[in-house]
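Just below is one structure, and these are the notes that go with it.
The structure presented is a predicted model; accordingly, all values stated were derived computationally and were not measured.
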Amino acid sequence: MIYSLDGILTETTRDMAVISCGGVGYGFRASLHTLSKLPKLNEKAFVYIHTAVREDAIELFGFAEQEERTIFRILIGVSGVGPKAAISILSDLTPSQVALCIATGDAKTLTQCVGIGKKTAERIVLECRDKISKSELQPADNAISEQEIRTVAGDNLSEAISALVVLGYPQQIAAKALAKADKSLPVEELIKIGLRQLAANL
């Protein structure tokens, strides 16, 4: 398995790039997000890699951040969603935005991505909701355990806290912002309350 590539960027196209490592050029497909973060040609470049093995081919997919690769792998685990569709989603939305759509059940935003229809978007939300792992997507600093969250929160509140963490807020701060919120409210409403509280404290 190729975990990452660290070498010289030798070529880029509309949807792929090539990094030369030890005299071998590795071509990989990537989202517009990752392609935009690559350096100029003939400069040093680093990407994380996902290797897709099929009967007739081996394809590499490159990512600027591990979070993007994590979301990509979650997406391709959905029935009917292949690497091309996952890359399309990650070209239109950041990893945090995709995770937030899944956490809040926002299939409508996913349908705005090229090639993603209503049924596919709804399937992504349904099948991925439980796969948005806090341990994979949250910052390690200031983290509190899943058990601690559920001690002070109902399921909706836990999901709202998770969504705020995906947006970049430390878990303890997100939990504090929702400490006085009504646990019975829908996840979407709890997220709005949390964002307002966090904005007021800036």
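With sequence neighbours left out, the ring-ring contact (aromatic ring centres under 6.0 Å, His included) criterion links Phe72 to His50, Phe61, Phe63. For Lys40, there are no side-chain hydrogen bond (donor to acceptor under 3.5 Å, both in side chains) partners at least two apart in sequence or on another chain. Looking at residues two or more places apart in sequence or on another chain, you find a side-chain hydrogen bond (donor to acceptor under 3.5 Å, both in side chains) between Asp6 and Lys44.
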| Candidate pair Thr70 and Ile74, rule side chain to side chain contact (heavy atoms under 4.5 Å, CB included), full reasoning | CA-CA 6 Å; Thr70 296; Ile74 289 173; 4.2 Å; yes
| When you look at Ile19 and Thr10, which way does the side chain to side chain contact (heavy atoms under 4.5 Å, CB included) test go after all the steps? | CA-CA 6 Å; Ile19 290 179; Thr10 59; over 6 Å; no
| Should Thr51 and Val53 be marked as a side chain to side chain contact (heavy atoms under 4.5 Å, CB included) after you check the CA-CA gap, both sets of side-chain angles, and the distance that decides it? | CA-CA 6 Å; Thr51 305; Val53 180; 4.1 Å; yes
| task | Would you please test Phe28 and Ile49 for side chain to side chain contact (heavy atoms under 4.5 Å, CB included) and show each step? | result | CA-CA 8 Å; Phe28 58 89; Ile49 290 293; 4.2 Å; yes
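Considering CD1 of Ile102 and OG1 of Thr109, their distance stands at 11.5 Å, rounded to 0.5 Å. Note that CD1 of Ile193 is 9.5 Å distant from CG of Leu157, once rounded to the nearest 0.5 Å. Atom CZ of Phe46 sits about 4.0 Å away from atom OG of Ser4, to the nearest 0.5 Å. Note: Glu43 CD to Leu41 CG = 8.5 Å, rounded to the nearest 0.5 Å. Considering CG of Leu110 and CG of Leu93, their distance stands at 6.5 Å, rounded to 0.5 Å. Atoms CG and CG, on Leu185 and Asn156 in that order, are 8.5 Å from each other to the nearest 0.5 Å.
Panel note: side chain Ser88, backbone Lys84; no donor-acceptor pair is recorded below 3.5 Å. Side chain of Ser31 to backbone of Ile87: no donor-acceptor contact under 3.5 angstrom is found. Of the possible donor and acceptor atoms, none in the side chain of Glu189 sits under 3.5 Å from a partner among the backbone N and O of Pro186.
Counting only residues at least two apart or in different chains, salt bridge (Lys or Arg N to Asp or Glu O under 4.0 Å) contacts with residues 7-22 comprise Asp15-Arg29. Residue pairs satisfying the salt bridge (Lys or Arg N to Asp or Glu O under 4.0 Å) criterion with at least one member in residues 85-110, sequence neighbours excluded, are absent.
With contacts defined as side-chain heavy-atom distances shorter than 4.5 Å, the pair His33/Glu65 qualifies. In this structure, the side chains of Ser20 and Val24 stay at 4.5 Å or more apart for every pair of heavy atoms. Side-chain contact check for Tyr169 versus Leu195: some heavy-atom pair is nearer than 4.5 Å.
Closest approach of Met16 and Gly27 over heavy atoms only: CE-CA, 4.0 Å. Across all non-hydrogen atoms, the minimal contact from Leu9 to Ala45 is CB-CB, 4.1 Å. The shortest heavy-atom contact between Ala99 and Ile71 is CB-CD1, 4.0 Å. Across Leu35 and Ala17, no two heavy atoms sit closer than the pair CD2-CB, 4.1 Å. When all heavy atoms of Gly194 and Leu164 are compared, the closest pair comes out as CA-CD1, 4.1 Å. Here the closest heavy-atom approach between residue Ala30 and residue Gly62 is recorded as CB-O, 3.6 Å.
Cluster membership check: Leu5 shares its hydrophobic cluster with Leu38, using side-chain heavy-atom separations under 4.5 Å among Ile, Leu, Val, Met, Phe, Trp and Tyr.
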Pair up each side-chain donor or acceptor in residues 116-128 with any protein partner under 3.5 Å, not counting sequence neighbours, and list the distances.
residue : atom : partner : partner atom : Å
Arg123  : NE   : Ser79   : O            : 2.7
Arg123  : NH2  : Ser79   : O            : 3.3
Glu127  : OE1  : Ser79   : N            : 3.4

